[in-house]
Amino acid sequence: MDSSHTPARPRSHRIGDVGQTTVALLFKRWGWTADLISSDYGEDLDCTVFLERQRTALHFRCQVKAREGDSRGKVRRLQSGGFGVQVASSTATAWALSYFPVLLVVFDEATNQISWANGSLKAHGQMKSSARRSLSIRIPENNLELEQALLLEQLQAHYARLFRLDSAELTCEIYPVLMPGHKAIDSLRKIDKAVESAQGFAVERTYLDIDSAPAWTTAVNTLKGTHLSGWRFSAPGGNVENFLNHLKSTLETISQTDEEQWTAYIRGPVKLQSPEQDKRQVALGAGELTQWSCYSKISGQVVDDAGYAFQLPRGFTRCIARRARSWDGEWSVATHYDLAVQVYSSVPTTPSYRARQAAHRKHAEGQFLVWECNEDSIDVLRKILIEVGLVFREIEVASDQNGVVVGAIATPMFDPRVGLIPMALDWEEYDRGSVQMKLEDAGILSILPGREGSENIHGIVMGMFGSTFADIPSELRTADGLFPPGLPLNHADRSGFKDSAKTLCLIYRC
């Protein structure tokens, strides 16, 4: 076979793939995402900024152009320095009108260096004066690897323009909580004055109205009853990563609490706002760059609460995939020790959990009606019930009534021994109870042989579910990513909560 008829891979294709991979790898080293866009209409990578392990609202796309050493194509080196990149006018127009910023990046094969510019901003500035089918955008010869902070500032500036902010500042709110116990520190005057004299920030007192705050904030105990007390930190310009780093440094200057306690700092979303904007009248979510988060001050150091709680033991690696027959859940493994671990922390129960448990219990209670019947009438009882799709299940209990059978009238699928609870199909059935509604609507409740059982029997049936319907606990075990962002985690049950190398976990032999 003539090898000249097999598909050939041009050198430009290889260099183009290397350029895309190099740029994507750089963003991933920063902890950001960089996903290849399969439908390429002027952008190659779809990227999102992550800070402190959390996703932010800073989203952008990236067009990567690769320059070969002797290239004279769409990327050429300029005598004045930098590169000139030919871009179709239609593509440039799309960049100029896009809600998200688009970076134009040049990967230079000769130097293995990445140069970049804000393609959206460049296209917007040149489109007004250009009627040609393509235009040349100049990229300065810089090094993207060293300009993460500048890139963040340009991304923020793009969204500031989108929000029509003449001037922009970064702002967020901090609410201190004494741990363990989730006790809000309502009297801020007792805290070190370091916060009010923080350098680089404008600091003012604020409060969080619990009625308009996320529901999980009610898990924090407060003497005020209606709100949490805190501070609002504001700083002009800069980028969000430097803002957060400086914020944590400021919180570290606050005096340490008792050795058996620590202070958690609930951090509200970092917002991009105008200094003149009324902070209390902002629409929900407007200008928010990050979600809620929490810091903890432990042994004099302010740490990311979740990062500290779920830090893996040394030598363990988190699994990113699993085989079909392996354990469920997020496991981490250490092949050297032939072990797998799952790391947990604990959080207080939230209103949504309590409401969910109450609704689940009501579903269960509606599926049965405790009943006592003479032994010689059981067959009659069952015959009547089967006509309306119900059954009678006997319950073995100690009884001083000879010849009396104790049990429950239930739906056929109801079986507390295996935790099987059919759900009500509508609100009427939920409110009245499935069994009660069927008996009343069929008009047979008054003619059934026997009588309704005691509360003790009701308790026995509910007890068959084990701990499912026991008293609601004050705290729950949680894994990474399964708790409300911002809710302080309890480190007191760890083996030495001040030692981040020791962690509470389940360990299994592989």
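Using a distance-only test at 3.5 Å, with no hydrogens or angles considered, a donor-acceptor pair links the side chain of Ser120 to the main chain of Val102. Checked by atom type and distance alone, the side chain of Thr21 never pairs as donor or acceptor with a backbone atom of Val18 at under 3.5 Å. Side chain of Thr222 to backbone of His227: a donor-acceptor contact under 3.5 angstrom is found. Side-chain atoms of Arg29 do not come within 3.5 Å of backbone N or O of Ala24 as any donor-acceptor pair. A donor-acceptor pair under 3.5 Å is formed between the side chain of His363 and the backbone N or O of Ala424. At least one donor-acceptor pair closer than 3.5 Å links the side chain of Ser249 to the backbone N or O of Asn245. For the pair Thr56 (side chain) and Val49 (backbone), a donor-acceptor distance under 3.5 Å is present. No donor-acceptor pair closer than 3.5 Å links the side chain of Ser346 to the backbone N or O of Leu476. No donor-acceptor distance shorter than 3.5 angstrom exists from the side chain of Lys297 to the backbone of Trp262, with no hydrogens or angles considered. Between the Thr290 side chain and the Val270 main chain, a donor and an acceptor come within less than 3.5 Å of each other.
What you find for Asp108 and Arg77 is that their closest heavy atoms are OD2-NH2, 2.9 Å. For the residue pair Pro140 and Ser115, the shortest heavy atom distance occurs at O-CB, 3.4 Å. Nearest heavy-atom pair, Ile472 versus Gln357, reported as atom, atom and distance to 0.1 Å: CD1-CB, 4.2 Å. Nearest heavy atoms, Gln291 versus Arg267: O-NH2, 2.9 Å. Closest approach of His59 and Thr48 over heavy atoms only: ND1-OG1, 3.4 Å. A pairwise comparison of heavy atoms in Lys65 and Leu104 identifies CG-CD1, 4.2 Å as the closest pair.
Of the inter-residue distances, the one linking Tyr207 atom OH with Tyr175 atom OH reads 9.5 Å to the nearest 0.5 angstrom. With rounding to the nearest 0.5 angstrom, the CG atom of Asp480 is 12.0 Å from the OH atom of Tyr344. The distance from atom CZ of Arg55 to atom OG1 of Thr33, rounded to the nearest 0.5 Å, is 7.0 Å. Between the NE2 atom of His246 and the CG atom of Leu170 there is a distance of 12.0 Å, given to the nearest 0.5 Å. Separating the NE2 atom in His158 from the CG atom in Leu58 is a distance of 10.5 Å, to the nearest 0.5 Å. To the nearest 0.5 Å, atoms SG (Cys47) and NZ (Lys28) are separated by 9.5 Å.
Considering only heavy atoms from C-beta on, Leu489 comes within 4.5 Å of Val347 through its side chain. Side-chain contact between Ile254 and Thr263: absent, with no pair of heavy atoms (C-beta onward) separated by less than 4.5 Å. Between Glu173 and Glu204, every side-chain heavy-atom pair lies at or beyond the 4.5 Å cut-off. Thr217 places none of its side-chain heavy atoms less than 4.5 Å from the side chain of Ile266. With a 4.5 Å cut-off on side-chain heavy atoms, Leu151 and Trp30 count as touching. Annotation: side chain of Pro101 is not in contact with side chain of Gln154 (no heavy-atom distance under 4.5 Å).
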Legend entry - side-chain contact (heavy atoms from CB on, under 4.5 Å) between Val23 and Asp44, worked out: CA-CA 10 Å; Val23 175; Asp44 297 311; over 6 Å; no

Legend entry - Full working for side-chain contact (heavy atoms from CB on, under 4.5 Å) between His491 and Asp305: CA-CA 9 Å; His491 308 302; Asp305 207 37; 2.8 Å; yes

Inset, instruction - List the steps and the verdict of side chain to side chain donor-acceptor pair (under 3.5 Å) for Thr171 and Gln273. - result: CA-CA 7 Å; Thr171 180; Gln273 295 180 334; 5.0 Å; no

Legend entry - Full working for side-chain contact (heavy atoms from CB on, under 4.5 Å) between Arg161 and Leu121: CA-CA 11 Å; Arg161 290 190 296 271; Leu121 198 59; 3.7 Å; yes

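Using cut-offs of 30° and 60° on the angle between ring planes, the pair Trp32 and Phe27 is parallel. Note on ring orientation: taking the six-membered ring where Trp is involved, the planes of Trp216 and Trp292 are perpendicular (angle over 60°, cut-offs 30° and 60°).
Between Trp95 and the choices Gln63, His124, Glu43, the side chain to side chain donor-acceptor pair (under 3.5 Å) rule is met once, by Glu43.
Using a 3.5 Å distance cut-off with no hydrogens or angles, the side chains of Tyr295 and Glu52 do pair a donor with an acceptor. Side chains of Glu147 and Trp116: a donor-acceptor N/O pair is present below 3.5 angstrom, by distance only. Side-chain contact check for His182 and Asn490: no donor-acceptor pair (N or O, by modelled atom type) lies under 3.5 Å. For the residue pair Ser98 and Arg61, no side-chain donor N or O sits within less than 3.5 Å of a side-chain acceptor on the partner.
Taking the six-membered ring for Trp, Phe243 and Phe201 have ring centres closer than 6.0 Å.
Within 6.0 Å of NZ in Lys248 there are more than 12 heavy atoms belonging to other residues, nucleotides or ligands.
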